[in-house]
Amino acid sequence: MAAAEAAAAVVSSCLKPDPALVPESAGTAAATAATSSAMAAAAAVAAAARTGSEARVSKPALATKLLSLSGVFAVHKPKGPTSAELLNRLKEKLLAEAGMPSPEWTKRKKQTLKIGHGGTLDSAARGVLVVGIGRGTKMLTSMLSGSKRYIAIGELGKATDTLDSTGKVTEEKPYDKITQEDIESILQKFTGNIMQVPPLYSALKKDGQRLSALMKRGEEVEAKPARPVTVYSLSLQKFQPPFFTLDVECGGGFYIRSLVSDIGKELSSCANVLELTRTKQGPFTLEEHALPEDKWTIDDIAQSLERCSSLFPAELALKKSKPEESNEQVLSCEYITLNETKGEDDVIKTL
């Protein structure tokens, strides 16, 4: 308050206009205008001073609000970071906004911040990433079994070890005779309940270690056996050789990279994923619900949680489901609990 009063006092000293600078013809009107302008400036400075003071005072209130957030919302993951890295970035931004950790919170060891994601997106992919906060982390397993929708751009004629454009080219084949009708005619083979072999570069595990990590270390890895997956819809949106664009809606455990690779083989060629965007996960869509990074604030997330609460049946919010296979580690850091729960395929990572 003292800062505000001081600011007002400084500006008020300039309220009276200099007679030498105001022509006599302007008279009282000019003096009144100058006074009004100066008073507006004083009010603005005083308000800024008050705002700064209130912001400092409100940090504990923001921390309390952050720790009270509970539910499920969605963020927009860009290309580049892994899903886990993006979750860490989100967590750090929220903690920084709330002024945590800070001296007044170090004694509150029972206070916990739980935040996690359901359904990993490859680092080269972008789109909807579902996030649970507070009790919402218990709802994330339902995100893994729900449907997802993707727009994928495939490239014919090249195969890579990762099945996407980030990998090393392992094979090249001609594609010049492939037509749009050829692609459309085989899509039915990849629709419905089908069997799919997961890619070697994946979150699947061997002896407790991810296949992707073993591959990066140069270790020999055998492909996992084909497993049942579901494709609800599959259509060709565009074909401009060597590129083709697919719209895919599928169930949990499905790999778009494997789909594109298999389509290339079915066409007597090869293919890899050039671009991948998840446009929908469960009830969350990229356009309507995914928060961009400039909206990763406590208030914006609170509003999103309120809007998104209507997307789920009431009983789901109370359901305490657990992955069939999980390995939970709990680390305590003052008031923050870090949990990591991993399923065999998609990942629920909680921090």
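Taking CZ of R89 as the reference point, atom CD of E92 lies at 9.0 Å (rounded to 0.5 Å). The SG atom of C308 sits 5.5 Å away from the NE2 atom of H289 when rounded to the nearest 0.5 Å. Here S261 contributes atom OG and I256 contributes atom CD1; the two are 12.5 Å apart, rounded to the nearest 0.5 Å. To the nearest 0.5 Å, the span separating OG1 on T120 from CG on L129 amounts to 8.0 Å. Here I151 contributes atom CD1 and D247 contributes atom CG; the two are 4.0 Å apart, rounded to the nearest 0.5 Å. The CZ atom of F244 sits 7.5 Å away from the CG atom of L267 when rounded to the nearest 0.5 Å.
The shortest heavy-atom contact between E97 and T297 is OE1-CA, 3.4 Å. For the residue pair K65 and D299, the shortest heavy atom distance occurs at NZ-OD1, 2.5 Å. Heavy atoms only, all atoms of each residue included: G118 and L140 are closest at N-CD2, 3.9 Å. Summarising the geometry of L291 relative to S304, their closest heavy-atom pair is CD1-CB, 4.0 Å, with the distance given to 0.1 Å. Taking all atoms of both residues into account, the shortest heavy-atom contact from A74 to V128 is CB-CG1, 4.0 Å. The shortest non-hydrogen separation linking I194 to K189 is CG2-O, 3.8 Å.
Between the side chain of D182 and the backbone N or O of T179 there is at least one donor-acceptor pair closer than 3.5 Å. Between the side chain of S269 and the main chain of P174, a donor-acceptor pair closer than 3.5 Å is present. The backbone N or O of V197 lies less than 3.5 Å from a partner atom in the side chain of S258, making a donor-acceptor pair. Although no hydrogens or angles enter the test, the distance criterion places no donor-acceptor pair under 3.5 Å between the side chain of Q196 and the main chain of P228. At distances below 3.5 Å, not a single donor-acceptor pair connects side-chain atoms of E288 with backbone N or O atoms of T285. S185 contributes a side-chain N or O that, together with a main-chain N or O of E181, makes up a donor-acceptor pair within less than 3.5 Å. Side chain of T277 to backbone of G127: no donor-acceptor contact under 3.5 angstrom is found. A donor-acceptor pair under 3.5 Å links the side-chain atoms of S70 to the main chain of R135, judged by distance alone.
With Y175 as the fixed residue, the side-chain contact (heavy atoms from CB on, under 4.5 Å) test singles out one of S268, C270, P241: P241. The only option from D122, N272, D262, T160 that meets the side-chain hydrogen bond (donor to acceptor under 3.5 Å, both in side chains) definition with R257 turns out to be D122.
Between K148 and R278 the shortest side-chain heavy-atom distance falls below 4.5 Å. Here the side chains of I183 and I178 are in contact, with some heavy-atom distance below 4.5 Å. Looking at heavy atoms from C-beta onward, T64 lies out of side-chain contact with L67 at the 4.5 angstrom threshold. Counting heavy atoms from C-beta outward, L236 and T245 have side chains that stay 4.5 Å or more apart. Between I263 and L246 there is a side-chain heavy-atom pair separated by less than 4.5 Å. When side chains are defined from C-beta on, K77 does not count as touching H117, because their heavy atoms never get closer than 4.5 Å. Two residues are said to be in side-chain contact when any heavy atoms from C-beta on lie closer than 4.5 Å; L66 and L95 meet this criterion. A heavy-atom distance below 4.5 Å is found between the side chains of R126 and H76.
For K93, the NZ atom is densely surrounded, since the number of other residues' heavy atoms within 6.0 Å is greater than 12. Within 6.0 Å of atom CD in E306, 12 or fewer heavy atoms from other residues, nucleotides or ligands are found, so the atom counts as exposed in its surroundings. Around the NZ atom of K280, the shell of radius 6.0 Å holds more than 12 heavy atoms that belong to other residues, nucleotides or ligands.
Listed by chain and residue number, nothing satisfies the salt bridge (Lys or Arg N to Asp or Glu O under 4.0 Å) test with R307 (two or more places apart in sequence, or in another chain).
One side chain, D164 or T162, offers a donor N or O that lies under 3.5 Å from an acceptor on the other. Between the side chains of T279 and R149, no donor-acceptor pair is found at a separation under 3.5 Å.
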Might you work through the side-chain hydrogen bond (donor to acceptor under 3.5 Å, both in side chains) test for T230 and N193, ending with a clear yes or no?
-> CA-CA 5 Å; T230 302; N193 297 318; 3.0 Å; yes
Could you please spell out the steps behind the side-chain contact (heavy atoms from CB on, under 4.5 Å) verdict for I301 and L90?
-> CA-CA 11 Å; I301 290 174; L90 170 63; 4.0 Å; yes
Stepwise side-chain contact (heavy atoms from CB on, under 4.5 Å) check, F73 with V131 = CA-CA 5 Å; F73 62 102; V131 176; 3.6 Å; yes
Should E293 and K295 be marked as a salt bridge (Lys or Arg N to Asp or Glu O under 4.0 Å) after you check the CA-CA gap, both sets of side-chain angles, and the distance that decides it?
-> CA-CA 5 Å; E293 190 163 355; K295 295 289 186 180; over 6 Å; no
Could you go through the side-chain contact (heavy atoms from CB on, under 4.5 Å) check for V260 and L163 one step at a time?
-> CA-CA 8 Å; V260 170; L163 307 188; over 6 Å; no
Can L86 and V75 be said to form a side-chain contact (heavy atoms from CB on, under 4.5 Å), step by step?
-> CA-CA 9 Å; L86 196 75; V75 297; 4.1 Å; yes
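Placement of I186 and F239 within a single hydrophobic cluster is found when ILVMFWY residues are connected by side-chain heavy-atom separations under 4.5 Å, directly or transitively. Residues M100 and I298 are members of one and the same hydrophobic cluster, defined by side-chain heavy-atom contacts under 4.5 angstrom among Ile, Leu, Val, Met, Phe, Trp and Tyr. Tracing side-chain contacts under 4.5 Å through hydrophobic residues (I, L, V, M, F, W, Y), one never reaches Y150 starting from L274; they form parts of separate clusters. Hydrophobic clustering of Ile, Leu, Val, Met, Phe, Trp and Tyr side chains at less than 4.5 Å, counting indirect connections, keeps I153 apart from F190. Transitive grouping of hydrophobic side chains (ILVMFWY, heavy atoms separated by less than 4.5 Å) keeps L187 and Y232 in distinct clusters.
Relative ring orientation between F284 and F312 is described as tilted, the plane-to-plane angle lying within the 30° to 60° band.
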